[in-house]
There are 2 protein chains.
Amino acid sequence: MSGEEKGVHGRRTGRRPGDARSRELILDAARTSFAATGYAATTIRGVATAAGVDPALVHYFFGTKDGLFAAVMELPLNPSQLVEDIVAGDVAGLGERLARRFLEVWDDPVTGPPLTGLIRGAASHAPSADLLREFIGREMLVRIAASAGRPDAVLRANLCAAQLMGTALLRYVLRVEPLASTGAGDLLGWLGPTLQRYLTADTPERPVG
Amino acid sequence: MSGEEKGVHGRRTGRRPGDARSRELILDAARTSFAATGYAATTIRGVATAAGVDPALVHYFFGTKDGLFAAVMELPLNPSQLVEDIVAGDVAGLGERLARRFLEVWDDPVTGPPLTGLIRGAASHAPSADLLREFIGREMLVRIAASAGRPDAVLRANLCAAQLMGTALLRYVLRVEPLASTGAGDLLGWLGPTLQRYLTADTPERPVG
DNA sequence: GTCTATATCGTGATAGAC
DNA sequence: GTCTATCACGATATAGAC
């Protein structure tokens, strides 16, 4: 306000001036909007209004709409750590640990919404689809499936992903009842064995037909 | 061209004038576009161009973009008939019959694409979401689950739907490999037992945690 | 039944004052 | 760091000629 403050303590001392609270307000609003309505239906003007700031500010901070999306999708979770936790332990409990971690992350109010936005966006926004594919593939499930040491590990990982993404779609995006309201503990009993079977069972016979 | 022809054979004779081939061309193009890029990214101009007609014609036939979408989603399949086919037969084969019909319908080049469009649209287009919820719920899976005669039939149906919608998302929308290229026969061996367990197994114990 | 022309709107993005 | 003003674009939709 009253001129430059730098230099009082010598160079590079004191906190940098930028990033007032507005940046976080914008990110929060964007997170909510992307999660609630997807990429296409989210407008910069709408985000700005929800955040109580001017639309131009959004561009100032994030450049483009894609930049804003990318910033929101900087997921506050560490896939490698997750994989380590799931893989650690006996193979017999692999499916249940996977299901448990999955539900924890999606039920969490901070890590869940960006993921919901990711699924919504994957339908019509190519970068989202790529991100989700990557998330499904390389980073997570393939490594888990590989740790079980069975053949067809990638297909097994895909099947797990299908069960989990489908659960996410119905439970968190479409909010289909009763699945959306069923407790994570009850769901575990259903999902755990399914994942366990995909990960460790013998490759099934091909049914007639 | 040369004035009115009615009255030659008395009233109400001869075929009605409307519905030239353009209508079908538009529907085909719209089906493709909705399936490929989703609702938001599909433009009336794009559909008109792909169909080789004028954009105004689209409005003439279908009124609004939503009207066009609704027309495309008049699914060329009969849910009641499907349910009957699946339910008929021994309960032990219920899961496999469900998986087989599902893959048949989605792999079919005429019934598959509209369904792909439906999933894409459900992410950000409320009417699509409603339609999909209805399709998942009332019309199909709940009736199938009920036929197995176990408690929690609706939750069981939701779990089946999660597995199937997730499979559709990865296989037909995101085209994740190797799931997208795996033959229906091989998939049956994996999906059938999962659905069978959801439909007929005892309600599982709730795992600790 | 088909197309041309256009009205109206909302979007993402930028330039520049303060 | 924030806001005003505006641009260029593409969308849906409509009126009306042929």
Side-chain angles (χ1 to χ4, degrees), chain A residues 1-6 14-30 33-34 36-73 117 120-121 124-128, chain B residues 1-6 14-30 33-34 36-72 120-121 124-128:
Chain A
M1 211 179 202
S2 58
E4 298 286 351
E5 296 176 15
K6 75 162 184 169
R15 75 173 178 86
R16 282 164 295 162
D19 288 1
R21 212 169 64 258
S22 299
R23 193 175 192 280
E24 289 307 315
L25 290 174
I26 292 170
L27 272 180
D28 279 351
S33 181
F34 281 128
T37 64
Y39 182 87
T42 293
T43 69
I44 291 194
R45 287 161 142 83
V47 168
T49 301
V53 307
D54 191 275
L57 254 196
V58 180
H59 282 108
Y60 173 77
F61 281 120
F62 303 100
T64 92
K65 183 179 175 181
D66 269 326
L68 176 60
F69 182 79
V72 166
M73 287 305 150
R120 284 203 131 98
S124 58
H125 183 233
S128 290
Chain B
M1 204 180 209
S2 60
E4 297 288 351
E5 295 178 14
K6 73 161 186 171
R15 75 174 177 88
R16 283 164 293 162
D19 287 4
R21 212 169 64 259
S22 300
R23 195 175 190 281
E24 289 307 316
L25 289 175
I26 292 170
L27 271 180
D28 279 349
S33 179
F34 280 128
T37 65
Y39 181 87
T42 292
T43 68
I44 290 194
R45 287 161 139 82
V47 168
T49 301
V53 306
D54 191 274
L57 253 197
V58 180
H59 282 108
Y60 173 76
F61 281 121
F62 303 99
T64 97
K65 185 178 173 182
D66 269 326
L68 176 60
F69 182 80
V72 166
R120 282 203 133 96
S124 57
H125 184 231
S128 291

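Below, all heavy atoms of this structure are taken into account, side chains as well, without hydrogens, waters or symmetry copies. Chain letters run A, B, ... following the sequence lines, proteins first and then strands; every chain starts at 1.
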Round to the nearest Å and state the distance from [X] atom [atom1] to [N] atom [atom2].
X      : N       : atom1 : atom2 : answer
Y39(B) : dA11(D) : OH    : C1'   : 12 Å
L68(B) : dA13(D) : CG    : P     : 10 Å
R21(B) : dT2(C)  : CZ    : P     : 10 Å
Y60(A) : dG16(C) : OH    : P     : 17 Å
F62(B) : dA13(D) : CZ    : P     : 14 Å
H59(B) : dA7(C)  : NE2   : P     : 17 Å

When you measure from the side chain of L57(A), which nucleotide among dT2(C), dT2(D), dA15(C) comes out closest?
dT2(D)

Any idea which of dT4(C), dT2(D), dT2(C) is nearest the S22(B) side chain?
dT2(C)

Would you kindly compare T64(B) and D54(A) by the position of their nearest DNA chain D nucleotide and give the one closer to the 5′ end?
D54(A)

For H125(B) and F69(B), take the angle between the two ring planes, folded into 0 to 90°, and tell me which bin it lands in: parallel under 30, tilted 30 to 60, perpendicular over 60.
perpendicular

Strictly below 4.0 Å: does T43(B) bring a side-chain N or O up to OP1 or OP2 of dG10(D)?
no

Pairwise distance CG(D54(B)) to CD1(I26(B)) - rounded to 0.5 angstrom
9.5 Å

Are any side-chain N or O atoms of S33(A) and backbone N or O atoms of V47(A), one a donor and one an acceptor, separated by less than 3.5 Å?
no

On a plain distance test, is the side chain of R45(A) in donor-acceptor contact with the base of dG12(C) below 3.5 Å?
yes

Quick one: do F34(A) and L68(A) satisfy side chain to side chain contact (heavy atoms under 4.5 Å, CB included)? Show the steps, please.
CA-CA 10 Å; F34(A) 281 128; L68(A) 176 60; 4.2 Å; yes

